[in-house]
Number of protein chains: 2
Amino acid sequence: MAAVQSKSARVTIHDLAKAAGVSVSTVSKALNGNGRMAAETRERIQRLARETGFRPNALARGLLSSRSFTVGLLTNDTYGRFTLPVMAGISEALVDHGVSVFLCAIEDDPTLAKVHVDAMLDKQVDGIIATGKRIDRSLPVDLEGLPVPVVYAFTQGATGSVTLTSDDEQGAQLATEWLRGLGRSRLVHITGPDSFQSACERADAFREAAGPDAVVMHGEWSELWGHRAIANIWQSGRERPDGIVCGNDQIARGVVDALRERNVAVPEQVSVIGFDNWEIVAAQTRPPLTTIDMNLRELGRQAGLMVLALSEGKTVEGGVRKLPCKLVVRKSCGGAQD
Amino acid sequence: MAAVQSKSARVTIHDLAKAAGVSVSTVSKALNGNGRMAAETRERIQRLARETGFRPNALARGLLSSRSFTVGLLTNDTYGRFTLPVMAGISEALVDHGVSVFLCAIEDDPTLAKVHVDAMLDKQVDGIIATGKRIDRSLPVDLEGLPVPVVYAFTQGATGSVTLTSDDEQGAQLATEWLRGLGRSRLVHITGPDSFQSACERADAFREAAGPDAVVMHGEWSELWGHRAIANIWQSGRERPDGIVCGNDQIARGVVDALRERNVAVPEQVSVIGFDNWEIVAAQTRPPLTTIDMNLRELGRQAGLMVLALSEGKTVEGGVRKLPCKLVVRKSCGGAQD
DNA sequence: TTGAAAGCGTTACCAA
DNA sequence: TTGGTAACGCTTTCAA
């Protein structure tokens with residue numbers, strides 16, 4: 001049953017030198033394009049390297065250059081709702097530079113986090129990216145004063161540290177104005193707990209764009225809350241909205257379902273807009289949700305490029321950098337896609 | 001704005017030797033517990049190491065031992081539905097052994113995959129774990145004949161290779177028998193496309209457990225299909241089921257929603273069971289779904305321990321290893337939780 | 001144009 | 001009980 005694994009042996013630079021009948025240093029120079037040398041020699045060596053599938057040992061290289069071409073990614077988001085796209089972006093940005101990414105899932109365990117950080121440091125990572133699920137909480141580990149640069153993405157860093165996050169205010173404003181642009185005027189915002197900074201920032205931006213009368217309802221980040229919120233509004237005898245800005249796609253889904261149960265047509269009678277563009281929720285809702293996308297992948301890309309720059313000694317300005325969100329139009333608001 | 005990063009300098013074994021007034025080799029021995037030496041010397045050196053925060057350079061160590069304490073994780077599951085728990089399991093199992101995990105998201109791009117594999121090989125990974133979203137498709141890259149061991153998790157490997165997956169048949173059987181145990185006798189299975197091996201295996205196990213009359217309906221892995229399937233059944237004039245085994249949680253959710261729209265009570269009139277235990281779907285459905293959990297995290301753990309064993313030269317029997325699923329009881333079937 | 005040698009931070013072996 | 005030395009695979013400097 002055990003298959004024959006024709007484990008290809010590894011070729012070292014010594015092997016190559018012997019095969020080519022030159023010295024080790026000549027091979028090194030030939031392959032790295034350094035120094036002057038006979039074009040013929042260089043080509044011969046390069047051909048040989050290609051034929052034998054020679055690949056330099058990154059450990060040896062790293063030992064010498066004190067760069068490992070490796071960065072660590074710390075995350076406490078087991079769900080992956082936010083982390084996965086960010087990770088994909090980081091990986092994508094760095095692979096082009098020959099940099100590999102260590103994945104460290106730390107849950108919320110400080111001890112585990114410490115173990116991971118130490119392991120990464122031992123392996124001489126060129127930098128660390130810390131990611132989380134909310135900008136107003138920090139990971140359960142102190143990343144200050146490490147011998148390598150740290151970039152924070154979607155999690156709280158120390159003051160002055162380099163932090164990337166999405167622009168919640170701009171996103172909420174975008175959503176609100178989209179509804180207004182569609183002629184909706186009685187707007188309500190149904191969102192998550194006011195203990196979340198992002199919920200508050202979105203709510204503020206909503207109020208700003210919707211006017212002082214517009215109602216904000218805080219609850220959980222769940223479908224159930226979206227559902228309940230609609231029940232509350234419909235039972236209260238209050239004026240009923242014709243446009244609902246939701247704090248995330250799950251809430252929006254609850255809202256849409258609750259409206260359907262009341263025979264309120266979406267988007268004809270009420271426009272509903274979500275937040276997150278969580279494909280799996282947004283696309284499966286009936287009707288599919290128009291929503292705000294936080295460009296998490298791009299955020300990851302930038303985070304990757306930033307640690308890289310920092311690890312190369314470049315200077316990156318500290319502070320929180322907010323990346324703009326974009327609107328994704330589906331059917332739940334009417335308008336363009338109707 | 002730029003914070004003062006008091007980058008702690010790295011201590012080498014040389015520094016330590018100088019500080020302790022002994023030779024480098026003595027320090028090494030003292031810290032690794034090798035060889036005989038004066039207890040006093042050993043303690044003095046260990047204390048010094050602790051005080052200075054000395055940590056050996058893993059690159060240097062790896063160069064010598066030709067073990068990098070690093071493994072690569074290849075995945076084409078951007079969504080992370082399956083990969084994330086698997087990754088968490090791998091990471092969890094390996095961190096205890098001082099092994100770090102390179103995350104490589106390769107989408108379905110063969111070129112990208114090759115680049116990642118080469119980068120990992122350069123970095124002297126001790127082994128590679130390949131993960132995917134279905135057991136009947138392989139990653140777009142050939143992992144045979146690599147100089148390091150490979151373990152496949154939830155994706156197809158070459159014959160004879162070490163592969164881990166969950167036991168679809170056992171899972172479906174578990175689900176079906178749970179419904180029968182609750183007294184349900186008119187069973188239907190609504191599942192994904194018959195082009196998926198797992199859909200077929202689950203369907204076979206369902207037929208086996210439910211009896212020859214039991215109906216299997218193949219469609220998409222979506223809520224929409226669950227919805228439509230119920231519409232089909234209810235319109236067809238066929239006998240209506242009192243128990244529905246779904247191919248995944250999304251289908252189950254569509255089914256539950258469709259039943260509610262028809263005023264069919266779940267679980268009172270019909271029991272519905274899902275598959276996947278995708279928290280975000282299963283727990284948010286009304287009523288919350290009883291479902292089958294594939295133990296993906298455990299699968300990851302085992303995959304991690306297996307590459308580790310292989311990389312240490314131990315022999316692991318090849319072939320496909322199927323891990324049992326477990327039942328997660330919520331409310332959609334009635335019974336225990338009622 | 002090429003090669004010898006030193007050195008990166010460790011560990012292992014053998015001699016003192 | 002301790003220390004010198006070689007070695008891991010590579011790059012770089014300097015000399016030939």
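Fair warning: this is a prediction, and the values are worked out from it, not measured in the lab. Every chain is numbered from 1, with letters handed out A, B, ... down the list of sequences.
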Using residues 88-104 of chain A as the side-chain source, report each donor-acceptor pair under 3.5 Å to any protein atom, sequence neighbours left out, with the distance given to one decimal.
unit_1	atom_1	unit_2	atom_2	d
A:E92	OE1	A:R297	NE	2.8
A:E92	OE1	A:R297	NH2	2.6
A:S100	OG	B:K123	NZ	2.8

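- Scanning for side chain to side chain donor-acceptor pair (under 3.5 Å) contacts around B:D167 gives an empty result, with sequence neighbours left out.
- Checked against salt bridge (charged side-chain N to carboxylate O under 4.0 Å, His left out), B:K29 has no partners two or more places apart in sequence or in another chain.
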**Study point:** Summary of protein contacts for nucleotides 4-16 of chain D, nucleotide by nucleotide, where a base hit scores B, a sugar-phosphate-only hit scores S (4.0 Å, heavy atoms)
**Key:** B--BBBBBB----

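- Every residue two or more places apart in sequence or in another chain that forms a side chain to side chain donor-acceptor pair (under 3.5 Å) with B:S28 is listed here: B:N32.
- Across all strands, B:T41 comes closer than 4.0 Å only to sugar-phosphate atoms, never to a base (heavy-atom distances).
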Name every donor-acceptor pair, under 3.5 Å, that has one atom in a side chain of residues 301-311 of chain A and the other anywhere in the protein, sequence neighbours excluded.
unit_1	atom_1	unit_2	atom_2	d
A:R301	NE	A:E298	OE1	3.2
A:Q302	NE2	A:E298	OE2	3.0
A:S311	OG	A:L308	O	2.8

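- The stretch residues 55-64 of chain B participates, sequence neighbours left out, in these side-chain hydrogen bond (donor to acceptor under 3.5 Å, both in side chains) pairs: A:D122-B:R55.
- Checked against salt bridge (charged side-chain N to carboxylate O under 4.0 Å, His left out), A:K18 has no partners two or more places apart in sequence or in another chain.
- Residues that satisfy the ring pair (Phe, Tyr, Trp, His ring centres under 6.0 Å) test with B:Y152, not counting sequence neighbours, are absent from this structure.
- For DNA chain C, the contact window with chain B, defined by any atom under 4.0 Å from a protein heavy atom, covers C:dG9 to C:dA12 in 5' to 3' order.
- Summarising the geometry of B:S68 relative to A:L59, their closest heavy-atom pair is CB-CD2, 4.2 Å, with the distance given to 0.1 Å.
- Residues satisfying the side chain to side chain donor-acceptor pair (under 3.5 Å) test with B:R44, not counting sequence neighbours, are B:E40.
- Note on the helix from C:dT1-D:dA16 to C:dA16-D:dT1: terminal axis deviation equals 50°, with five pairs used at each end and the result rounded to 10°.
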